[in-house]
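Sequential numbering from 1 along the given sequence is applied to the chain's residues. Whatever order the structure lists ligands and atoms in, that order sets their numbers, starting from 1. Both backbone and side-chain heavy atoms feed into the values below; hydrogens, waters and symmetry mates do not.
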Amino acid sequence: MSSQIDHLLTETRRFAPSPEFAASAVGTAELYERAAADREGFWADQARELHWHKPFSQVLDWSNPPFAEWFADGELNVAYNCLDRHVEAGLGDRVALLWEGEPGDDRAVTYGELTDEVKRLANVLTELGIEQGDRVAIYMPMIPEAVAAMLAVARVGAVHSVVFGGFSADSLRTRIDDAGAKLVITADGGYRKGKVSPLKPAVDQALADRGAGPQLTVEHVIVVRRGGNDIEWNDERDLWWHDVVPAASPDHEAQAFPAENPLFILYTSGTTGKPKGILHTSGGYLTQAAFTNRVVHDLHAETDVYWCTADIGWVTGHSYVTYGPLANGATQVLYEGTPDTPHSGRSWEIIQKYGVTIYYTAPTAIRSFMKVGRQVPAQYDLSSIRLLGSVGEPINPEAWMWYRKVIGGKKAPIVDTWWQTETGAIMISALPGVTETKPGSAQVALPGISIDVVDEEGNRVGEGNGGLLVITEPWPSMLRGIWGDPDRFVETYWEKFQKQGYYFAGDGARLDDDGDIWLMGRVDDVMNVSGHRLSTTEIESALVAHESTAEAAVVGASDETTGQAVVAFVIIKQSYLDAHSPDGLATSLRQWVGEQIGPIARPRDVYIVGELPKTRSGKIMRRLLRDVAEGREVGDTTTLADTAVMSVISAQLK
Ligand code: WTA
């Protein structure tokens, strides 16, 4: 790893913005100066770009750290900011969503139409008894109704919890129960990889068969018809969207809610088996999502066609599909399916069809495009692209250069944006009209954001050194907590650097000689597979829940396409082996994890072993397993209780 890092830091290529790009860029060098001179005043200016039903008088309240309040005495309506105010400004006919279904059906939805739909749905929600503070789970494909659902929940002051459509019924159930959701909004199914992937059946499964488990909090399920697949129906509980929404009144006045009114919970993997419900609130979140979307993506709402490829089930889909772009009045592409369906040029075909100017995707996607080859994008006209973005994991310089040449026509600036579900919005990135970019480095903290790299004791490591990434000052879109678990919030993010009051991000980083930041990946037991966070513990728990497994250890091994891949080492129970043949067991275990958590968590490899490497205190030494999984010579084994274990394991895998 360290030789790889040194190699990265010798990167000398630099790409300055062209004078033309710089001349009309939204983000300017003055922003840094303004923020440095008066950080809170700077954020107050950004917040005033929104519509406040009641203006705020206070900016930041940090009197009870780490519990921050931003713009706390102000009141606003998040959905009004994303919809009505554009319509009232005469932009009702502007297209909000250029929706493309995976099979090729399409639909353009204007701000006027989206506002109408959201108002009707807000009325339906109220009729169903959804009030301020109630939780609503959203489990949907990438269709306009998914965006409308998020906004309608926000409009009535309730809290959404979007669960990625690729998650299993079990994962959905855990999240519904943890949040105590009263309503689920879903679809019969959606298109993925060329066929209908059912959703409603998973909802039925998640809500059925409660047994001795937690009591069911869900009262109703609203279902959009999209896949046309056969589904079961519960007359008392289920409602078709197409029955209730068009029948509802299109009049709905947006009420004002306090800036700190919870907006959403989004579950993400941590270092334990239980996903954390990251809580975000309204005013500060929307301020930073909208601001960063303007300055980092250089969004000119009147002329740009923006496309962020993230699913709404992830934070990128929250901040850079739903909230940021709509608050800014942007026109954006929303694509339902996967980038290789029905053919490998699908993304480029969409860019050509809609004249996309800003394209924001993940390194794992870029690497898979590279693998297919440049002859595929070469068949399409990509000349409309003027800005490229990357998010989710470190982008290797080779992929960065390919992205620039093959997709960006050697002219579009690339912004490599570092942030997290917890940060709510982009924290580290170039400003495309200002920063001279470096392939592979996320570079600098945004104006108004304070980042540092420190050692284990919290001391600044300084230029040329590596350490841990911290955020040293509160920021508007910061998480306000973990749903139902304030202690875990403090422990996970604030305890490590309690003395300094720093937020610990869980990422390793280095500063180069210019002070630019290079992200080095997670320092905890969180893996990053195709830009998705997965917890080793969560997958281990799923494996040991299988009847055959006695013990399991999971590591993230580097993988050319997905960044990291899940590799599992399992010990099988003797009682199981006495009664069953081990043939095909590895395959069954892979499938099992896919069913338990979701296909993204399915291990690339499952190795059946006789023992696991443990320290004398019984802690599994994942570092050694990672060596095996990556085909390296096994490192220092002297702290193992039984130093011979690793040679046994290596021999078993040969
Ligand atoms: C990683 C996604 C390097 C990082 C928005 C972080 C990155 C985790 C980058 C958060 C980047 C995200 N360069 N690493 N540009 N962006 N990461 O919560 O490890 O799904 O802690 O948020 O992804 O993942 P999350």
Exercise. Ion pair present between Asp507 and Arg522, side-chain N to carboxylate O less than 4.0 angstrom?
Worked result: yes

Problem set entry | Flag for Glu260-Thr281: side-chain donor and acceptor within less than 3.5 Å | yes

Exercise. Is the number of heavy atoms from other residues, nucleotides or ligands under 6.0 Å of Lys411 NZ greater than 12?
Worked result: yes

Exercise. Can you list, by chain and residue number, every protein residue with a non-hydrogen atom closer than 4.0 Å to ligand 1?
Worked result: Val315, Thr316, Val391, Gly392, Glu393, Pro394, Asp416, Thr417, Trp418, Trp419, Gln420, Thr421, Asp507, Leu519, Arg522, Asn528, Arg533

Exercise. Are the charged groups of Arg533 and Glu393 less than 4.0 angstrom apart, N to O?
Worked result: no

Exercise. Is it true that Asp512 and Lys438 have a side-chain N and a carboxylate O under 4.0 angstrom from each other?
Worked result: yes

For this session: Flag the pair Glu457 and Lys499 as a salt bridge only when some basic side-chain nitrogen lies within less than 4.0 angstrom of an acidic carboxylate oxygen.
Result: no

